[in-house]
There are 2 protein chains.
Amino acid sequence: MGVIEKTRAAPAVTTLPLGEILRDDCVAAMARLPDASVDMIFADPPYNLQLGGDLFRPEGGRVAAVDDHWDKFDSFAAYDAFTRAWLAEARRILKPNGTIWVIGSYHNIFRVGAAIQDQGYWILNDIVWRKANPMPNFRGTRFTNAHETLIWAAKGEKSRYTFNYRAMKSLNDELQMRSDWVLPICGGQERVKTGGVKAHPTQKPEALIYRILLACTKRGDVVLDPFFGTGTTGAVAKRLGRQWIGIEREPAYCKVAERRIADALPLDESATSTMQSPRTAPKVAFGTLVETGMLVPGTRLVDAKRRWSAEVRADGSLLSDDVSGSIHQVGAKLQGAPSCNGWTFWHLEGSAGLTPIDSLRQTYILATEP
Amino acid sequence: MGVIEKTRAAPAVTTLPLGEILRDDCVAAMARLPDASVDMIFADPPYNLQLGGDLFRPEGGRVAAVDDHWDKFDSFAAYDAFTRAWLAEARRILKPNGTIWVIGSYHNIFRVGAAIQDQGYWILNDIVWRKANPMPNFRGTRFTNAHETLIWAAKGEKSRYTFNYRAMKSLNDELQMRSDWVLPICGGQERVKTGGVKAHPTQKPEALIYRILLACTKRGDVVLDPFFGTGTTGAVAKRLGRQWIGIEREPAYCKVAERRIADALPLDESATSTMQSPRTAPKVAFGTLVETGMLVPGTRLVDAKRRWSAEVRADGSLLSDDVSGSIHQVGAKLQGAPSCNGWTFWHLEGSAGLTPIDSLRQTYILATEP
DNA sequence: GTGACGAGTGAATCCTTCA
DNA sequence: TTGAAGGATTCACTCGTCA
């Protein structure tokens, strides 16, 4: 393994540079690869974030922005031209039955997806990576941006692409793998650092690439990553016994990636390593019962002894005289207690007596779980 | 309420047809509405399910199903023309601070999103509706398509859009509402049926629209749905005390929607009131709590860890050793922080422990609400 | 060793009003 | 229009320190 230096008018290769990082612009590097030669392309292109000024956390710290030069584009048109150029080269070097994966956020994914469709790729799924631990929205101005989107597409409509259905089902407790994946973001030991600071602002978790390679490639397949960064794709490919090719323009990232992949262990030796396991999905909120109509706003709830009552409001809060808040908060405040489990404290008055609202939650879970 | 019949060369309206279903093509109907007149648009357009027969050209002609590459581009172009036409009219009739919501799947959402950005809308979030009970992938050839995507966008980058942050937080058990929403699909009693069969193939769950209207509109706001279908938007708007306008071309759907909305029951005002953000709540100065006697001058306040304390003075300022000023200023200065939210920083010492002074403000707001 | 506690951080298009 | 001042705002997780 090594880094292939960018050269003036480099000739097209005759044998694939397997296990190499091509240090060059991604379009130029792909242009030197032969037609129909790779099985999968995983691409994590710049998102074109268009961030404004600084953003501060409530406690005063400043949020580290992605302000790198490689994420700056003059206009949507410029971003589109860039996107269509690399997608076209990617499609040329993809085998007829190969597939492409691209990850993005709402800043860029719609433009990428439209370009993919326009170029004749055939979208197979869009996958949502639901982040178990996203950064909050500090100013309370929008919904927490808690996911990213991946597009999985074949080279064409008639492609006989690889999908390891059984592997995915077994990875998911014998249930079909769905289009929404809950995975933690990349941090802790896995996050590559140089001199104590993160080596790359947008490093992806290995678990994400792991699932993709496991689902859509066979052992020995060639995986190309035209935006290699710190080499996550290479490290996972090596672990899973897949061949890989990386393309990365920044020498600093190349260096980091090279060392990282050299350290990566192939599967049988790393089987016991600490791959992050998926986290459990968020639990049922009281408000969901209101939204879904199981509880109508205006309904009165009472405690088991009928000492207190409160009214359900449209946003799932309770109102009792001059106290309002969550089912837990209002229960605690009325009792003068430091805390309260609202699920067991509050009850519905029915013909057969009182029912704790927790039983509604159980009903909801039973009705909606697979 | 009633259905407005499509008429030849219908004149532009001077007053908004609130609570009406306009039976017409959506672009033609919107063209008759005045500029900057609606607060929100919710749109559930045709998904362009890869030439399945639901795609119509802007002029009404049906797109022939072909799989030639160029013709495929041609059909995408037709879908784009249709999309851009209705999005442009929608933007014209949207108020400057209004927002639009569009729902779609991977078949169409990338084209819709790109068009939204191209027309100058400003995307605020993409939201993933994660279906609690999706249809499985019967042939095991792809991931179970278990979600749909919504785009929330303001009319422009500088828009001062409505976002009821506190209501969303309340609905989600006092955690910020995230961009991934878990909700069941529409079925059971809620699914509208005519003669035992479902009246519409893609009826959306009321809970989805409920969350959208609660999050991004105020009571009395005007919500337009240009693809009204069975009138889910109208039914939820009526329930939540929002005004609505529907546009639907198919007479059968109009009829179903009309009856459905007539049956919907509005919630009374107290039930639709929600947790207020300090930003939107009537502003309460700290001094007001002192003036009204809720806080007596001389009271000592402490932070959550009891590291600092300060005394309330008659004019609503705080005094702590040699530092005095507003609750925010003193909190910031004591911590050496650039800023501080005094409402959550300062607490009252009570028999049951510490209470943030923000809860006093909540009590005051509830007691003085009209 | 072990648990409590505090500090740090992650692809973020992140304020409003009034002079 | 612009700048200054007021004031509202965070979740899950990791790691290091200290009792």
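Just so we're clear, the structure is a prediction, and the values are computed from it rather than from any experiment. Here is the naming used below: chain letters follow the sequence lines, and residue numbers restart at 1 for every chain. Below, all heavy atoms of this structure are taken into account, side chains as well, without hydrogens, waters or symmetry copies.
When the P atom is used for both C:dG1 and D:dG16, the distance is 16 Å, rounded to whole Å. Comparing C:dA12 with D:dA8, their P atoms sit 26 Å apart, to the nearest whole Å. To the nearest whole angstrom, the two C1' atoms, one in C:dA11 and one in D:dG6, are 31 Å apart. C:dT16 and D:dT1 have their C1' atoms separated by 16 Å, with the value rounded to a whole Å. The same atom, P, is picked in D:dG7 and in C:dT9; the two are 31 Å apart, to the nearest Å. Going from the C1' atom of C:dT13 to that of D:dA5 covers 26 Å, rounded to whole Å.
For A:Y106, a side-chain nitrogen or oxygen approaches OP1 or OP2 of C:dT13 to under 4.0 Å. Dashed line: the shortest gap from a side-chain N or O of A:Q203 to OP1 or OP2 of C:dA11 is not under 4.0 Å. The shortest distance between the side-chain N/O atoms of B:Y165 and the OP1/OP2 oxygens of D:dT10 is below 4.0 Å. When the side-chain nitrogen and oxygen atoms of A:K131 are compared with OP1 and OP2 of C:dG10, none of them lie within a distance under 4.0 Å. Contact annotation: A:R62 does not reach the phosphate of C:dC14 (side-chain N/O to OP1 or OP2, under 4.0 Å). Side-chain nitrogen and oxygen atoms of A:R191 include none within less than 4.0 Å of the OP1 or OP2 phosphate oxygen of D:dC13.
B:I123 comes within 4.0 angstrom of a nucleotide base, judged by non-hydrogen atoms across all strands. Residue contacts shown for A:N145 are limited to sugar-phosphate atoms, with no base heavy atom under 4.0 Å away. A:E148 comes within contact range of at least one nucleobase, with a heavy-atom separation under 4.0 Å. When heavy atoms are screened at a 4.0 angstrom cut-off, B:N172 is found touching no nucleic acid atom at all. Residue contacts shown for A:G52 are absent, as no nucleic acid heavy atom lies under 4.0 Å away. A:G53 comes within 4.0 angstrom of a base, heavy atoms only. As judged by a 4.0 angstrom heavy-atom cut-off over every strand, A:T202 is placed among the base-contacting residues. Here A:P205 lies out of heavy-atom contact (under 4.0 Å) with every strand. Counting any heavy atom pair closer than 4.0 Å across all strands shown, A:H107 reaches a base atom.
Atom OG1 of A:T232 sits about 7.0 Å away from atom CD of A:E190, to the nearest 0.5 Å. Rounding to the nearest 0.5 Å gives a distance of 4.0 Å between CD1 of A:I185 and CG of A:N133.
No cation-pi contact links A:R130 to A:W181, judged by a cut-off of 6.0 Å to the six-membered ring centre and 45° from its axis. In this structure, B:R91 forms a cation-pi arrangement with B:Y121, its terminal cationic atom sitting closer than 6.0 Å to the ring centre and no more than 45° off the ring axis. The cationic group of A:R361 lies under 6.0 Å from the six-membered ring centre of A:W343 and within 45° of the ring axis, placing it in a cation-pi geometry.
Both A:K193 and A:Q50 lie close to DNA chain C; mapped to their nearest nucleotides by heavy-atom distance, the more 5′-ward contact belongs to A:K193. Summary of the strand contacts: A:N48 and A:P134 both lie near DNA chain C, and taking for each the nucleotide with the nearest heavy atom, the more 5' one is attributed to A:P134. Taking the nucleotide of DNA chain D with the nearest heavy atom to each of B:Q329 and B:R166, the more 5' of the two is matched to B:Q329.
Residue B:D173 contributes atom CG, which lies 15 Å from atom P of D:dT10 at whole-angstrom precision. Atom-to-atom, CE of B:M168 to P of D:dC11 comes out at 15 Å; the value is rounded to the nearest Å. Atom OH of A:Y47 and atom P of C:dG10 are 15 Å apart (whole Å). Atom-to-atom, CG of A:L51 to C1' of C:dG10 comes out at 13 Å; the value is rounded to the nearest Å. With rounding to whole Å, A:R139 atom CZ is found 10 Å from C:dC14 atom P. The distance between atom CZ of A:R142 and atom P of D:dT10, rounded to the nearest whole Å, is 16 Å. Look at CG on A:D54: it is 15 Å from C1' on C:dC15, rounded to the nearest Å. Put simply, CG on A:L55 is 18 Å from P on D:dA8, counting in whole angstrom units.
Within the 4.5 Å cutoff, the side chain of B:W308 has heavy atoms near those of the B:L334 side chain. In this structure, A:Y47 and A:I103 have side chains that are in contact, with non-hydrogen atoms separated by less than 4.5 Å. In this structure, the side chains of B:L150 and B:W129 come closer than 4.5 Å at one or more pairs of heavy atoms.
For C:dT13, the base is stacked against the aromatic ring of B:W122, per a cut-off of 5.5 Å between centres and 30° between planes.
Here A:W70 and A:F227 keep their ring centres 6.0 angstrom or further from each other.
For A:M135, taking side-chain heavy atoms from C-beta onward, the closest of the listed nucleotides D:dA8, C:dG10, D:dC15 is C:dG10.
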inquiry  = For DNA chain C, please output the secondary structure as dot-bracket, reading 5' to 3'. Pairs are Watson-Crick or G-U wobble, both atom distances under 3.5 Å; mark crossing pairs with [ ], other-strand partners with |, unpaired with a dot.
reply    = .|||||||||....|||||
ask   = Hey, mind stepping through A:R260 and A:T230 against side-chain contact (heavy atoms from CB on, under 4.5 Å) and telling me if it holds?
value = CA-CA 8 Å; A:R260 176 182 181 192; A:T230 56; 3.1 Å; yes
request  = Dump the intermediate steps for side chain to side chain donor-acceptor pair (under 3.5 Å) on A:H328 and B:D173, then the final yes or no.
outcome  = CA-CA 9 Å; A:H328 315 292; B:D173 273 357; 4.7 Å; no
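For C:dT16, the base adopts the anti conformation, since its glycosidic angle falls more than 90 degrees from zero.
Residue-to-nucleotide contacts include a donor-acceptor pair under 3.5 Å from the side chain of A:K204 to the base of C:dA11. For C:dG10, its base sits under 3.5 Å from the side chain of A:R57 at one donor and acceptor pair at least. Contact of B:R160 with C:dT16 (side chain to base): no donor-acceptor pair of N or O atoms is detected under 3.5 Å.
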